[in-house]
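To start, the structure under review is shown below, and the notes come after it.
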Protein chains: 2
Amino acid sequence: MNGPGDWLSFFPELAGLSGDHRTRLRERAHRVEVPAGAIVFSPGAPCGAYLLVLEGSVRVQMIADTGRQIVLYRVRRGESCVLTTAALLGEEAYAAEGVVETPTSAVTVPRPVFDELVAVSDVFRRFVFTGYGRRVAEILATMQAAVFHRVEPRLARLLCATPAPVTATHQEIAAELGTAREVVSRHLKAFERRGLVRLGRGVVEIVDRPGLDRLAELPA
Amino acid sequence: MNGPGDWLSFFPELAGLSGDHRTRLRERAHRVEVPAGAIVFSPGAPCGAYLLVLEGSVRVQMIADTGRQIVLYRVRRGESCVLTTAALLGEEAYAAEGVVETPTSAVTVPRPVFDELVAVSDVFRRFVFTGYGRRVAEILATMQAAVFHRVEPRLARLLCATPAPVTATHQEIAAELGTAREVVSRHLKAFERRGLVRLGRGVVEIVDRPGLDRLAELPA
DNA sequence: CCACCGTCGGTGACCAAGTCACACGGCGTC
DNA sequence: GACGCCGTGTGACTTGGTCACCGACGGTGG
């Protein structure tokens, strides 16, 4: 079948896949539904299959021994979580963990099938490689910001990038930026005093978006 | 020819390559010699070929707009520089630059040949993927340390890991750790006052290695 | 309805790191 | 021998991270 219910249609980059390879994927891949809060993989227990997300969102983050975290990226509809697969291929363990944020439906491709398709299908191989390259670029940019850039503009950028009233605790925002909760609290309070935002429990309401934008543009 | 001068022997992981594929690689790859100080690739101008290093060392580093740097990894004898290739595949540009540290001889595999071999050779593909996985793991570990860990133990670790009297300017050490020169100078001076090292112009002589080791083991 | 409790946010004190400015001294060159 | 560069040392200040602790909100269960 190739109808509207076909999950392959979620991945436009796989549109060029030959009939044989489509069939192979459909036969050997498993659909899974994962509830919010589930941990898909963690440093101790890496996942043994290639993961393709159809719907929902998986947050991938690093956790330091001090308890501080940083969110590396999210895997969403139509995206793949190559990173862990690569960890398997490279036979190294990443200190990263994958947490399901919203109820997620996904497809897992067993390792042998993955290997086979990478070998025989140009389209599939290209899909994997490009996904991989994009991810790594994303991670590098995120961590570069965390290492070299000041918190204030990054926080402003985050607020601007999030739609409507931001519903997140200061702790969650801190994890997003790779900093400490207190630091976020202080900056937000300063923003509030400057009339840029209004603060509530678990909510940041944006009052002066242009003002925030200006802060976000600032250098370091 | 398959004699001792054959560069393929530098890559034990490619030993299993079939005769056909060996020949293909030998015919289509180009040997290049690059002098120290040369910049192999930079954010603006990514390299258009797969790079295999036979001898020498290429330093890959990120540079922030503030001028601060961080060394991500080094490509040495028998290693490949997949990262930039991946950048090409992912059609994203990394903000990383590759600087030749010691005169380097390398082999470049043109993009089409690279694509072809990844497609037809299991051995070659595995070589590329494992190299890639290892690199990414390495980079993540490095940046995680820079984001979450204190400078003192990291500096101690670096000194311990470097053979004999360390010949590097404070600036170079700072780039290695992703911090500022002044920070390195201060910590080194403190080390000297505690009798752990002796400082000279461009040299750090290690006096009390066990003492440094102890510092290196410390938590954060 | 109210007492209890867990989570979230605010804050002060302190330490570590990054930035800025500048001074000093060795070493090579002209 | 004077000049100038480069590597280093340092003080003053800002920003960020940690620790300790408080108070306020919101839900739960008597």
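Per chain, numbering begins at 1; letters A, B, ... match sequence-line order.
Between B:Asp208 and B:Arg194 there is no side-chain heavy-atom pair separated by less than 4.5 Å.
The interatomic distance linking A:His187 (NE2) with C:dT11 (P) rounds to 14 Å, in whole Å. In this structure, B:Ile173 atom CD1 and D:dG7 atom P are separated by 12 Å, rounded to whole Å. Protein atom NE2 of B:His170 is 19 Å distant from nucleotide atom P of C:dC24, rounded to whole Å. As rounded to whole Å, 15 Å separates atom C1' of C:dG18 from atom CD1 of B:Ile70. Nucleotide C:dA16 holds its P atom 15 Å from the CZ atom of A:Arg68, rounded to whole Å. Rounded to an integer number of Å, the gap from A:Arg150 CZ to D:dC13 C1' is 13 Å. Put simply, CD on B:Glu152 is 16 Å from C1' on D:dG17, counting in whole angstrom units. Computed from coordinates, the B:Lys189 NZ to C:dG25 P distance equals 13 Å when rounded to whole Å.
Between the side chain of A:Thr104 and the main chain of A:Val34, no donor-acceptor pair closer than 3.5 Å is present.
Between A:Val99 and A:Gln61, the closest heavy-atom pair is CG2-NE2, 3.5 Å.
When the side-chain nitrogen and oxygen atoms of B:Thr179 are compared with OP1 and OP2 of C:dG18, one or more of them lie within a distance under 4.0 Å. Using a 4.0 Å cut-off, no side-chain N or O of B:Arg201 falls inside it from OP1 or OP2 of D:dC6.
Taking the charged nitrogens against the carboxylate oxygens, A:Arg214 and A:Glu217 have no contact shorter than 4.0 Å, which rules out a salt bridge. Looking at B:Arg125 and A:Asp115, no side-chain N of the basic residue comes within less than 4.0 Å of a carboxylate O on the acidic one, giving no salt bridge.
Proximity note for A:Val183 (side chain, C-beta onward) versus D:dG16, C:dT11, D:dG7: the nearest is D:dG16.
For D:dT10, the base has no donor-acceptor partner in the side chain of B:Arg186 [N/O atoms by modelled type, under 3.5 angstrom]. Checked by distance alone, A:Arg181 brings no side-chain donor or acceptor within 3.5 Å of a matching partner on the base of C:dT7. Interface remark: the A:Glu182 side chain does form a donor-acceptor pair with the D:dC19 base, using a distance-only criterion of under 3.5 Å.
B:Gly200 comes within 4.0 angstrom of sugar-phosphate atoms only, judged by non-hydrogen atoms across all strands, and of no base.
Nearer to the 5' terminus of DNA chain C, by closest-nucleotide assignment, is the contact made by A:Leu199 (compared with the other of A:Val147 and A:Leu199).
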